[in-house]
*Asks:* 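Quick one: this structure, given as structure tokens, is what I'll be asking you about.
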There are 2 protein chains.
Amino acid sequence: MPPIARYLPILDWGRRYDRDTLSDDLIAAVIVTIMLIPQSLAYALLAGMPPEAGLYASIAPIMLYAIFGTSRALAVGPVAVVSLMTAAALGQIAQQGTIGYATAALTLAALSGVILLAMGLFRLGFLANFLSHPVIAGFITASGVIIAVGQLRHVLGIAGGGDNLIELVESLLRNLPDTNFHTLALGASATAFLFWVRRGLKPMLRRAGLGPRMADIFAKAGPVAAVVATTLVVWGFDLANRGVAIVGEVPQSLPPLTLPDFSPDLIGQLFLPALLISVIGFVESISVAQTLAAKKRERVKPDQELIGLGAANLGAAFSGGFPVTGGFSRSVVNFDAGARTPAAGAFTAVGLAIAALALTPLIHFLPKATLAATIIVAVLSLVDFTILTRAWAYSKADFLAVLTTILVTLGFGVELGVSSGVAISILLYLFRTSRPHIAEVGRIPGTEHFRNILRHKVETDPGTVSLRVDESLYFANARFLEDYILDRVTRDKAIRNVILQCTAVNEIDMSALESLEAINTRLGEMGLSLHLSEVKGPVMDRLKQSHFLDVLTGRVFLSQHEAVLATMQRGASASPLDTTPEPRQAQG
Amino acid sequence: MPPIARYLPILDWGRRYDRDTLSDDLIAAVIVTIMLIPQSLAYALLAGMPPEAGLYASIAPIMLYAIFGTSRALAVGPVAVVSLMTAAALGQIAQQGTIGYATAALTLAALSGVILLAMGLFRLGFLANFLSHPVIAGFITASGVIIAVGQLRHVLGIAGGGDNLIELVESLLRNLPDTNFHTLALGASATAFLFWVRRGLKPMLRRAGLGPRMADIFAKAGPVAAVVATTLVVWGFDLANRGVAIVGEVPQSLPPLTLPDFSPDLIGQLFLPALLISVIGFVESISVAQTLAAKKRERVKPDQELIGLGAANLGAAFSGGFPVTGGFSRSVVNFDAGARTPAAGAFTAVGLAIAALALTPLIHFLPKATLAATIIVAVLSLVDFTILTRAWAYSKADFLAVLTTILVTLGFGVELGVSSGVAISILLYLFRTSRPHIAEVGRIPGTEHFRNILRHKVETDPGTVSLRVDESLYFANARFLEDYILDRVTRDKAIRNVILQCTAVNEIDMSALESLEAINTRLGEMGLSLHLSEVKGPVMDRLKQSHFLDVLTGRVFLSQHEAVLATMQRGASASPLDTTPEPRQAQG
């Protein structure tokens, strides 16, 4: 592979492109295009953008991802959670519907693109790992609830809004008396229909003899039917004049060339939201891409994915869009419809460009309630509160992280929700490792095995205490170890030797080294010796670079058994360990 | 011990108080009082407070610490680094010398008191562990430089100021032409004298036959001599009228009863600085207390120390002071002078109260340059840039943390400096554990030992890959493991079994569990089996609560040896491991 191909995967698959692949990709593109039209409009509504922005955000980004991305099936464009985060971020800057709002959306997409590109070029994809699975699951569930509740106002035909559940519910209740019943009838029917499509249509189609893939694709096309039907109803019964909110005038145009506002103030305000949107979008996208790639035993490259998504967002920024990422449902449809290369995405972009040029007059009478209905039905499939019970059953720390994420997201909005989830996961991890499990060990009689004296019947020597620390030693637990050992030896005046068994110590950082030095000095002042046993190679290499081994009051032993034998001989008392030492693995 | 005594250590030592202890404590108190008078005035100057505030900050706090603290020798009051942090925090709120500044100082002390008390009551002392030793060392060194450079203006008799090194140097250079040469003569002499006291006086006294302790105490009383001499010079030559800045009018009074301003705005602005001051103060204090306690084989209780320091700061807040903590030099003097109980502190407080009532007229002509000189000489002993070379030699990650802390502190001030030090330590730790060492292991011929195939001559079976992960599995490295294993098996088509040797896995959190499930599923789809070996007890308990073991494509083996034998029998190929299995520890 030429070096440039590392950053341009298109050079790799493009050279092997043939007629068969072309026809598969074209079929997939047609199906995905039909599905994407209502979805793009809906997510534009969710992001607070004009409907055409949803189409624009699906055209250039898909094209750019096709050139730079590594997934064969990923379909890039506006997605629910990122659109919600976009609305939350922009709501602090400007009013929906203003020029300022649309320009800030471009800036947000541009920032997100730059952040993703930088993460890809500097191989910082690992940063996404700090979003733990439970935090993501909790965040998506809470976001789904916020999105669904937020869209209810479009189904009811009332005003209102808010960034968190409390504001949304309060605004819904306050405006409930203004409900427009034409809108409600349309919205409720569309919602019910879409639920039925999702739950009832697929089994029906299967029974009618359709394959599972085709049944699924048809079911995913349900929103198109809802869009067509409700648009006709609004047009036929002139409901737009009876208070039903419609999409209205949409420009007939290819995506325009737009320039984000790069004023330092705006960048300052949008940087953190852009970072969160980038990371959340990347995590969502990479999960979908990896799942689909694994089905064909392919691999996606996370760092190159960052570059692909970064390019897609920059594309959105300069073509009238808003932040985008790889979407789950559309990617699955793309995959199931037989897409074989990113070219399928490029053809989808062409299809959407045609739609933006030619079809926009047809959606003039499309009621916003229908779009809201497609959003509600789509996001409710993301809502899964069982993550709480699963986390509770598995680990209380994970449960606490999920619960915090859900509650803060619902109560204070998406940005604080995801930030607090990350923060609490990290704090809980540091907290756990800051109080490591320390086992006092003794020898299992007749063996060279040393086990926890609380769990096994073992022999120990009263003059020696052997401690196995089940954690790397680093700043967060260095002082704990100091306290633990000094407490242990001040409680028991018979102790002359302390052996630290370092089997599970993968690292000793400088703080821990200073604590070990302090322990060594204080034990020395009390007339005790500190020994180490079974120190791992890399840790020992590191210790040799310090002066710790020179001042160590005791010795470093290769095995715990040797350490105990040696300290026993130092101590005068007759010990229960006084048996003939047996060479390890004598039978080998 | 009655339960109440846990929170009131005074009930413990107070009952056993006798005449001998009293006389020892009284002597120590007299010595410490003499030493504390110039120190308190100096640190008040550093904190931007009026001189009497330094005395007040040493009276009630010492009393309260005597009741609630556990250290027998710790002397509480204003200290250099905390005073610097106080000035930095208050400088953002109000101008030095205004009522607003002094009131904000009370609020800062009160907040710090509440934070320390809360940390003590909720046993959150472990939070201080996140300040790694190298970060603290770097922070103190950089703070020492900032303090010393900041005090130069008092030695030169010029105006100016600043929160970081750049501002301070720039302001010094700009105001240099205004140097007052009377002030400079006084300040330079005092500085030179104090350096000589520190370096030359102590050896001289030793040679004159004084014991090392007494020599040290006399040397520490040097500032008192400088204060007396320069005050007399200023008074005798009427230098106050020649531009030498003096302490001036100081009220003759016991500490006043003061009320901090608890407006939410002020609390919001001061919360973060108060948190940093609390943690830094606690870390400083506990290190001193533990060092001194260890010399007498005593222990201090970190949680109770938090309560003691919290009470001391609340005391400062309600008696005209500013944030305080346990000071290093005064505690060492207290210890060396023979203090045996916290009562020595109480007597010191009485001594200082008498000074505040009776001696303040005597310091009217004390030049500020002398106070600046005592500060400069005191803090330069804290400056130790060798932490950089030591960290570089031991660990590049620790070096990066120290360097960041020093540079950010010097360049952007104390708050950002210590915050960035903590943040970068945590990030670097997470980064290291996010790419754990994974060793591919094979059997050492003739044994049941499995070692890294890159480091040892070992036997392996082509159909099986055994991986030992040298780290707990958690959210930050879950996806790394997923990538690593899937990359490994897609590279080598002969593999039928993957064994994860879990010797060093102290934890598997929910994210890692989901990654293991994903690995298991994907390996299963490729026709491969995933096995685990040597899973620790607590980890296994946890796994049993999930459904992972039900869906595992392979098995869980007690030892790596058993795992290899079993998978070898599954694989058809004749393998180099095909020897008779020997029961482990047959000789036992």
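Below, each value reflects all heavy atoms present in this structure, side chains not excepted, and no hydrogens, waters or symmetry copies.
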*Asks:* Just jot down the salt bridge (charged side-chain N to carboxylate O under 4.0 Å, His left out) partners of B:Arg542, sequence neighbours excluded, or say none.
*Replies:*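 So B:Arg542 forms no salt bridge (charged side-chain N to carboxylate O under 4.0 Å, His left out) with any residue.
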*Asks:* Between CG of A:Leu428 and OH of B:Tyr474, what distance do you get to the nearest 0.5 Å?
*Replies:*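 Answer rounded to 0.5 Å: 12.5 Å.
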*Asks:* Relative to chain A, which segment of B:Val283 carries a heavy atom at a distance below 4.5 Å: side chain, backbone, both, or neither?
*Replies:*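 Only the side chain of B:Val283 comes within 4.5 Å of chain A.
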*Asks:* Starting at OG of A:Ser287, measure out to CZ of B:Arg479 and round the result to the nearest 0.5 Å.
*Replies:*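 Interatomic distance, A:Ser287 OG to B:Arg479 CZ, rounded to 0.5 Å: 6.0 Å.
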*Asks:* Does the side chain of A:Val135 reach to within under 4.5 Å of the side chain of B:Met510, using non-hydrogen atoms?
*Replies:*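 In short, these two side chains do not touch, never coming nearer than 4.5 Å.
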*Asks:* Counting heavy-atom pairs under 4.5 Å with chain B, which one of A:Pro134, A:Ser546, A:Ser434 comes out on top?
*Replies:*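 That would be A:Pro134.
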*Asks:* What side-chain hydrogen bond (donor to acceptor under 3.5 Å, both in side chains) pairs are there with at least one residue in residues 501-513 of chain A, not counting sequence neighbours?
*Replies:*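 Qualifying pairs, neighbours excluded: A:Gln501-A:Thr503, A:Asn506-A:Lys536, A:Glu507-B:Arg432.
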*Asks:* Could you tell me which portion of B:Pro445 (side chain, backbone, both or neither) has an atom closer than 4.5 angstrom to a non-hydrogen atom of chain A?
*Replies:*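 The answer is neither part of B:Pro445.
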*Asks:* Please look at A:Pro436 and chain B and tell me whether the side chain, the backbone, both or neither of the residue comes under 4.5 angstrom of a heavy atom of that chain.
*Replies:*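 No part of A:Pro436 comes within 4.5 Å of chain B.
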*Asks:* Using the side-chain contact (heavy atoms from CB on, under 4.5 Å) rule, take B:Leu131 and A:Phe475 through it: C-alpha gap first, then chi angles, then the decisive distance, then the call.
*Replies:* CA-CA 7 Å; B:Leu131 271 177; A:Phe475 60 87; over 6 Å; no
*Asks:* Give the member of A:Thr521, A:Asp470, A:Asp487 that has the highest number of heavy-atom pairs under 4.5 Å with chain B.
*Replies:*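 Ranked by heavy-atom pairs under 4.5 Å with chain B, first place is A:Asp470.
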*Asks:* Is B:Leu124 close to chain A through its backbone or its side chain, or both, or neither, when contacts mean heavy atoms under 4.5 Å?
*Replies:*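 The answer is neither part of B:Leu124.
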*Asks:* Heavy-atom cut-off 4.5 Å, strictly under: side chain, backbone, both or neither for B:Tyr429 against chain A?
*Replies:*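 Side chain only.
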*Asks:* Check whether B:Ile444 gets within reach of chain A through its side chain, its backbone, both or neither, counting any heavy atom under 4.5 Å.
*Replies:*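 Neither part, no heavy atoms under 4.5 Å.
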*Asks:* Test A:Leu513 against B:Arg390 for side-chain contact (heavy atoms from CB on, under 4.5 Å), laying out the working first.
*Replies:* CA-CA 12 Å; A:Leu513 179 71; B:Arg390 282 182 288 134; over 6 Å; no
*Asks:* What part of A:Asp483 is in contact with chain B, defined as an atom under 4.5 angstrom from a non-hydrogen atom: side chain, backbone, both or neither?
*Replies:*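 Both backbone and side chain of A:Asp483 come within 4.5 Å of chain B.
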*Asks:* Measure distances from A:Ile508 to the heavy atoms of chain B and classify the residue's part below 4.5 Å as side chain, backbone, both or neither.
*Replies:*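 Both the backbone and the side chain of A:Ile508 come within 4.5 Å of chain B.
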*Asks:* Could you please state which residues from residues 391-404 of chain A sit under 4.5 angstrom from chain B, measuring non-hydrogen atom to non-hydrogen atom, sorted by number, or 'none'?
*Replies:*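 Within residues 391-404 of chain A, near chain B: A:Ala391, A:Ala393, A:Tyr394, A:Ser395, A:Asp398.
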*Asks:* Relative to chain A, which segment of B:Arg455 carries a heavy atom at a distance below 4.5 Å: side chain, backbone, both, or neither?
*Replies:*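 Side chain of B:Arg455 only, per the 4.5 Å heavy-atom cut-off to chain A.
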*Asks:* Once salt bridge (charged side-chain N to carboxylate O under 4.0 Å, His left out) is applied, what residue pairs with a partner in residues 513-522 of chain A remain, sequence neighbours excluded?
*Replies:*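 Pairs touching residues 513-522 of chain A that pass the test: A:Glu482-A:Arg522.
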